A.B. asks: 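One structure is given below, represented as structure tokens, and several questions about it will come after.
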Amino acid sequence: MSECYSEPQILTCKEVMDVLRISRSLCYRYIKEGKIKGYREGNKIKVPYSSIESYITARMKEGA
């Protein structure tokens with residue numbers, strides 16, 4: 001059977017940092033400010049991949 005690679009549905013803050021190429025503090029700030037939707041699970045922050053896509057789309061519309 002062949003497996004198709006797909007993006008993970010839930011990312012850690014470290015993975016968000018890698019995808020967006022931002023610093024750790026900026027990642028946490030974006031989550032705190034609500035620019036990226038995330039939630040805490042234990043002592044880890046989890047971010048749905050759809051939230052990253054929404055953030056990128058919004059930034060592109062801003063022209064930034």
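If you read the sequence from its start, that first residue is 1, and numbering goes on from there. Small disclaimer: the values here were computed from a predicted structure and weren't measured. Both backbone and side-chain heavy atoms feed into the values below; hydrogens, waters and symmetry mates do not.
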A.B. asks: How many angstroms lie between OG in Ser25 and CE in Met17, if you round to the nearest 0.5 Å?
C.D. replies: 8.5 Å
A.B. asks: To the nearest 0.5 Å, how far apart are CG in Leu20 and CD1 in Ile36?
C.D. replies: 5.0 Å
A.B. asks: If you measure from CG on Leu11 to CD1 on Ile52, what distance do you get to the nearest 0.5 Å?
C.D. replies: 6.0 Å
A.B. asks: With a 4.5 Å cut-off on side-chain heavy atoms, are Val16 and Tyr30 touching?
C.D. replies: no
A.B. asks: Tell me whether Ile31 shares a hydrophobic cluster with Ile10, the cluster being built from Ile, Leu, Val, Met, Phe, Trp, Tyr side chains joined at under 4.5 Å.
C.D. replies: no
A.B. asks: Taking all non-hydrogen atoms of both residues, which atom of Gly38 and which atom of Pro48 are closest, and how far apart?
C.D. replies: CA-CD, 4.4 Å
A.B. asks: Starting at CD of Glu33, measure out to CG of Leu26 and round the result to the nearest 0.5 Å.
C.D. replies: 8.5 Å
A.B. asks: Rounded to the nearest 0.5 Å, how far does CD1 of Ile56 lie from CZ of Arg59?
C.D. replies: 10.5 Å
A.B. asks: As an exercise, state the distance from CD1 of Ile22 to SG of Cys27, rounded to the nearest 0.5 Å.
C.D. replies: 5.0 Å
